[in-house]
There are 2 protein chains.
Amino acid sequence: MAEIEPNWEWYRSFLQVLETGSLSAAARALGLTQPTIGRHIDSLETALGLKLFTRSYDGFAATDAAQELRPYAAGLAATAAALRRAASGQAAGVRGVVRVTASEVIGVEVLPPILAALRAQHPGLSLELMLSNRADDLLHREADIAVRMFRPAQDALMARRVGGVELGLHAHEQYLAHHGTPASLQELAQHTLIGFDRENAFIRRVQQEYQAFARADLAFRADSDLAQLAAIRAGYGIGFCQVRLAARDRRLVRVLPQQFALNLDTWIAMHEDLRGSARCAATFAALAEGLAAYIEGR
Amino acid sequence: MAEIEPNWEWYRSFLQVLETGSLSAAARALGLTQPTIGRHIDSLETALGLKLFTRSYDGFAATDAAQELRPYAAGLAATAAALRRAASGQAAGVRGVVRVTASEVIGVEVLPPILAALRAQHPGLSLELMLSNRADDLLHREADIAVRMFRPAQDALMARRVGGVELGLHAHEQYLAHHGTPASLQELAQHTLIGFDRENAFIRRVQQEYQAFARADLAFRADSDLAQLAAIRAGYGIGFCQVRLAARDRRLVRVLPQQFALNLDTWIAMHEDLRGSARCAATFAALAEGLAAYIEGR
DNA sequence: TAGCCGCTATAAGAATCCGAATACCCATGG
DNA sequence: CCATGGGTATTCGGATTCTTATAGCGGCTA
């Protein structure tokens, strides 16, 4: 038992093998060769005193032990990436890489013009957009700035509320032309409803406030908010959509505006450590301004 | 500009140089040699395109850039250490290393017998104790299990409330013999009071509830809760102390028990990822049981 | 002021690690 | 049934990296 501290580089190889499923693929991804990766895994196994993979002739199979270690290795990779981003923006002025995470709808429909304008203003700046609804992106350093529809709970974050995004029921005018416009909650039950497949905080709130949207009543379900939006636009049926977003397309009509309305608080959050970073501060400010403009309908 | 991805091993050298202040010391700490560390730093500087240290003949001086990158490097080290702990406990049964964090008083006065009993039960288990009041230990993976006097706010944590620790004013009987026992809040003002030097959540609560303990009135201040406890035991004056703790020493007398009482919720928290770990589950259970016994005065 | 200690920088030999080539295994498809 | 493609294991020469050693610099102390 050598009791050797593993070389951190071995962790990188380990993670890559986990993610690609084979030594060869990991080697390609890392710009190394298969024997090298194989040696790294061997070394790591002896250093940890664990069997990480069961060898076979079509790729490695990760053992349970390897799977348990995976989140740690992924954490290393995320932190290393964050370090690189931080380093890229060290020089004076607004330059370097900023990684922004947001929900799919916001990321696709709202952020691009905001980020484009920001980028035009700062040619040295690069922006990366990561679309997900996971709340822990910032803590795991997977992103620098997050746009979220709920108040970030973590202590180490700087969070600013930029306003409330109004959600309402919408449908395409063609759909309404064919099926009529519901005038009441009862009539809504006769219509094709678009809703969520996956349970999440948002849909629980909807179900709580509006029994009509109980999961069983939905004629279309999709994990992705974007898919729902596309379904509404395609005239599939009636679904929830941000009011400001729908207002951009004259053919989208709001349904039952009095009866159905939800307000989602919108927050921008950033890790405290990045307070001094010019590129992050500039991006934060641009997002705050741009989202406020979006919310107010400018 | 080579645009090379830094070797993760360089980060380890970088952090060690930051922490030790010189190439040579870092080399000793890592079991390498000074020219090696020097080359790592050089490589990292060119890879990141940053000047990390200003060379001088008595150690390096870290630049601002290096200081900004420090938390990331520390995060890497913490995650790597957590990975090793996780790996050490992979084998079946309760074995490996568990790292517990707690406040100083709990860690010194309450936990040792609990941990000793646990260890006696599981000879393959090693325990590490880290004493601090920082809330983010678990998220940065600096510890596996935390004993805290407030409800952990993070989502990714499993937290269990084990009860309320009662705090009260105490003094040594010798002190009271010399100065008398205060019978009212007014009399307390004539006495020597032991309190906190640093502002924190606890003292703010005390000040809010008991004006007598405004900071200016304190005749003895110490950052460390242990130092306060020692002062009480030494007969220096009257201060706050856990009631159960004071009850162990017959010469410590509770003062104004009706007027002054604070109840601190006590929580045990663990990262969700560790749920499946036998060694962490066993430690968690032992802490829950032991702390409950302490709180109930068993 | 001389001497010592700890530090960094540099050069050259030793040890290590990597990569190319190869052998072999398995699944797939004509 | 054989050819093919993607995978792992192994070997060996060569490039890279580490260590050893040496020199130079600055601060401290006698």
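Quick caveat, the model's predicted, so the values are computed rather than measured. Numbered from 1 within each chain, the chains take letters A, B, ... in sequence-line order.
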Side-chain ion pair, B:Glu68 and A:Arg275, N-O less than 4.0 Å: no

Residue B:Gln34, side-chain heavy atoms: nucleotide from D:dG7, C:dT10, C:dA9 that is nearest: C:dA9

Tell me: CG of A:Asp42 to P of D:dT11, nearest whole Å? 13 Å

Donor-acceptor pairs under 3.5 Å, side chain of residues 276-283 of chain B to any protein atom, not counting sequence neighbours: which ones?
unit_1: B:Ser277; atom_1: OG; unit_2: B:Arg279; atom_2: NH1; d: 2.8
unit_1: B:Ser277; atom_1: OG; unit_2: B:Cys280; atom_2: N; d: 3.2
unit_1: B:Arg279; atom_1: NE; unit_2: B:Val97; atom_2: O; d: 3.0
unit_1: B:Arg279; atom_1: NH2; unit_2: B:Arg85; atom_2: O; d: 2.9
unit_1: B:Thr283; atom_1: OG1; unit_2: B:Arg279; atom_2: O; d: 2.7

Rounded to whole angstroms, how far apart are CG on A:Leu23 and P on C:dG19? 14 Å

For the CD atom of B:Glu9 and the CD atom of A:Glu9, what is their distance to the nearest 0.5 Å? 7.5 Å

Would you mind reading off the distance between A:Ile37 atom CD1 and C:dC18 atom C1', rounded to a whole angstrom? 11 Å

All N/O contacts under 3.5 Å from nucleotides 15-18 of chain D to the protein, with atom names and distances to one decimal?
unit_1: D:dC18; atom_1: OP1; unit_2: B:His40; atom_2: NE2; d: 3.1
unit_1: D:dC18; atom_1: OP2; unit_2: B:Arg39; atom_2: NH1; d: 2.5

Hey, are A:Asp64 and A:Lys51 close enough for a salt bridge, meaning a charged N less than 4.0 Å from a carboxylate O? no

Just how far, in rounded Å, is C1' of C:dT16 from CD of A:Glu9? 15 Å

Under 4.0 Å between a side-chain nitrogen and a carboxylate oxygen: does that hold for B:Glu19 and B:Arg12? no

Sorted by position of nearest nucleotide on DNA chain C, 5' first, the leading residue of B:Gly38 and A:Pro35 is B:Gly38

Passing candidate, side-chain contact (heavy atoms from CB on, under 4.5 Å) with A:Thr63, options A:Thr54, A:Leu50, A:Leu69: A:Thr54

Quickly work out the B:Phe53 CZ to C:dC7 P distance and round it to whole Å. 15 Å

Less than 4.0 Å between a side-chain N and a carboxylate O, is that true for A:Glu128 and A:Arg119? no

Can you tell me the distance, in whole Å, between the CZ atom of A:Phe60 and the C1' atom of D:dG6? 14 Å

So does A:Arg28 get a side-chain nitrogen or oxygen closer than 4.0 Å to the phosphate oxygens (OP1/OP2) of C:dG19? no

Spacing between A:Asn7 atom CG and C:dT16 atom C1', to the nearest angstrom: 12 Å

Could you give the CG-to-P distance, from A:Leu44 to C:dC17, as a whole number of Å? 14 Å

